[in-house]
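Note sheet for the following structure.
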2 protein chains.
Amino acid sequence: MKYEPDFCKIDDALTIIVGKWKPIILLHLLNHGTQRFSELRSQMPGITQKMLTKQLRELEEEDIVSRKVYPQVPPKVEYSITDYGRTLQPILEAMHEWGTKHHAHRLKKENTASHES
Amino acid sequence: MKYEPDFCKIDDALTIIVGKWKPIILLHLLNHGTQRFSELRSQMPGITQKMLTKQLRELEEEDIVSRKVYPQVPPKVEYSITDYGRTLQPILEAMHEWGTKHHAHRLKKENTASHES
DNA sequence: CTGTATCCCAGGTGATACTG
DNA sequence: CAGTATCACCTGGGATACAG
């Protein structure tokens, strides 16, 4: 095993799911199935069109999500998780679970730290 | 479940392990046990002192690694994974495994794409 | 409706030098 | 040996306007 970022396979996995909105997008598609661009957008208050497009494109590039365009006016584009993308689900769920516990862990730490000054 | 980055627990987990050298540092400490600062440094060609210090401090702040200082001259500082940090191991291993497969996945994709131009 | 294009800023990272 | 301090760069991300 090479101990450099370029050879670390964990980093290979991280680059897929890192991105301010990527985990949320993946949760949406995993839990709610195929979604239109506008559906995703409306469920994520705060994201800009540019960002949603960009994050989706990056996920598509890695075969995690698929993009289906309906050639019509006005345009209709649907996004969904690929079978390959679904292999990420266990990891995402494990991280969600760990993250939830860690959130509580931090709160407890902050409380005990409130003794000082 | 809130669909915003600030409430996404996956992001809570990600912030812990994201950092150019953090996965590598964690692998070192998980596989080789307690390590001195200079030992970590020598096994990670390319990292600077500043970065190694910073990444370790951030991991320490989250109770993932512990730091033991020996008050002597010259200084000696040892780093090790905490029991709490060890709860991340399954996730790291899952990501390593997925990342390894994904690496191959990408190579195959590049080859089939070599038809064009 | 589903995008692009442009400008901008903050933060993560690196190079380098200095210190107890 | 194990750090800090400083400067500089680059990329991710946001705001906004425009387009097919």
Side-chain angles (χ1 to χ4, degrees), chain A residues 3-8 10-12 14-26 28-29 34-62 64-80, chain B residues 3-8 10-12 14-26 28-29 34-62 64-80:
Chain A
Y3 285 111
E4 296 177 38
D6 289 350
F7 298 97
C8 180
I10 293 178
D11 281 352
D12 281 271
L14 279 175
T15 54
I16 305 299
I17 56 183
V18 165
K20 186 163 179 180
W21 303 92
K22 284 183 190 170
I24 296 179
I25 290 172
L26 293 174
H28 265 289
L29 297 179
T34 300
Q35 301 263 298
R36 292 188 60 170
F37 184 85
S38 52
E39 287 178 309
L40 287 171
R41 190 174 197 274
S42 64
Q43 287 159 52
M44 286 184 266
I47 195 172
T48 61
Q49 284 186 336
K50 173 191 162 186
M51 261 301 114
L52 181 52
T53 301
K54 191 186 174 206
Q55 307 273 291
L56 284 168
R57 286 291 193 287
E58 290 173 6
L59 291 170
E60 186 193 3
E61 177 67 21
E62 301 291 345
I64 306 299
V65 309
S66 70
R67 179 171 178 264
K68 181 171 184 181
V69 181
Y70 294 82
Q72 63 186 42
V73 179
K76 174 182 174 182
V77 181
E78 285 182 344
Y79 292 91
S80 55
Chain B
Y3 285 110
E4 296 176 37
D6 289 350
F7 298 97
C8 181
I10 293 178
D11 282 351
D12 282 270
L14 279 175
T15 53
I16 305 299
I17 57 183
V18 164
K20 186 163 179 181
W21 303 91
K22 283 183 190 171
I24 295 178
I25 290 172
L26 293 174
H28 265 289
L29 296 179
T34 300
Q35 300 264 299
R36 294 188 59 169
F37 185 85
S38 52
E39 286 177 311
L40 287 171
R41 188 171 196 268
S42 65
Q43 286 159 52
M44 286 183 268
I47 196 172
T48 62
Q49 282 186 336
K50 172 190 164 188
M51 263 300 113
L52 181 53
T53 300
K54 190 186 174 208
Q55 307 273 289
L56 285 169
R57 286 292 193 287
E58 291 174 6
L59 291 171
E60 186 192 4
E61 177 66 21
E62 301 292 345
I64 307 300
V65 309
S66 70
R67 178 169 178 266
K68 181 171 184 181
V69 182
Y70 294 83
Q72 62 185 43
V73 179
K76 174 180 174 182
V77 181
E78 285 182 345
Y79 292 91
S80 55

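Convention: sequence-line order gives letters A, B, ...; per-chain numbering from 1.
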*Residue-phosphate contact under 4.0 Å: A:Arg67 side-chain N/O, C:dG3 OP1/OP2*: yes
_Could you measure the distance from the NZ atom of A:Lys68 to the CZ atom of A:Arg36? Nearest 0.5 Å is fine._
12.5 Å
*Within the distance-only criterion (no hydrogens, no angle test), does the side chain of A:Glu61 pair as donor or acceptor with the backbone N or O of A:Arg57 below 3.5 angstrom?*
no
*Interatomic distance, A:Ile17 CD1 vs D:dG12 P [rounded to whole Å]*: 16 Å
*Nearest to side-chain heavy atoms of A:Phe37, which nucleotide of C:dT13, D:dG14, C:dG3*: C:dG3
*Output yes when A:Glu58 and A:Lys22 qualify as a salt bridge under the 4.0 Å nitrogen-oxygen rule, no when they do not.*
yes
*asked:* Quick check: on DNA chain C, is the nucleotide nearest A:Val69 upstream (toward 5') of the one nearest B:Gln49, or the reverse? Name the residue that is more 5'.
replied: A:Val69
*Taking OP1 and OP2 of C:dT16, is either one under 4.0 Å from a side-chain nitrogen or oxygen of B:Thr48?*
no
*How close or far is atom P of D:dG3 from atom NZ of B:Lys76, stated in whole angstroms?*
13 Å
*asked:* What is the distance, to the nearest angstrom, from the CD atom on B:Glu4 to the P atom on D:dG13?
replied: 16 Å
*Verify the contact: side-chain N or O of B:Arg41 to OP1 or OP2 of D:dG3, cut-off strictly under 4.0 Å; return yes or no.*
no
*Specify the residue among A:Lys54 and B:Ser38 whose closest nucleotide of DNA chain D lies further upstream toward the 5′ end.*
B:Ser38
*Does A:Arg36 place a side-chain N or O at less than 4.0 Å from the phosphate oxygens OP1/OP2 of C:dT2?*
yes
*Tell me: CG of A:Asp6 to P of C:dG14, nearest whole Å?*
11 Å
*Starting at CD of A:Glu60 and ending at P of C:dT2, how long is that distance when rounded to a whole Å?*
15 Å
*Calculate the interatomic distance between A:Leu52 atom CG and D:dG12 atom P; express it in whole Å.*
17 Å
*Quick one: A:Met51 CE to D:dT11 C1', roughly how many Å, whole number?*
11 Å
*In whole Å, what is the span from the CE atom of B:Met44 to the C1' atom of C:dT13?*
15 Å
*Taking atom types as modelled, is there a side-chain donor on B:His28 or B:Gln35 under 3.5 Å from an acceptor on the other?*
no
*B:Glu58 near the nucleic acid: base, sugar-phosphate alone, or nothing, with a heavy-atom cut-off under 4.0 Å?*
nothing
*For A:Tyr79, report the nucleic acid contact type (base, sugar-phosphate, nothing); a contact means any heavy atom under 4.0 Å.*
sugar-phosphate
*Look at the side chain of B:Lys50 against the base of C:dG14 and say whether a donor-acceptor pair falls under 3.5 Å; ignore hydrogens and angles.*
yes
*Could you say whether A:Pro75 or A:Val18 is positioned toward the 5' end of DNA chain D, judged by the nucleotide with the nearest heavy atom to each?*
A:Val18
*asked:* With no hydrogens and no angle check, just 3.5 Å: does a side-chain donor-acceptor pair link B:Glu78 and B:Tyr70?
replied: yes
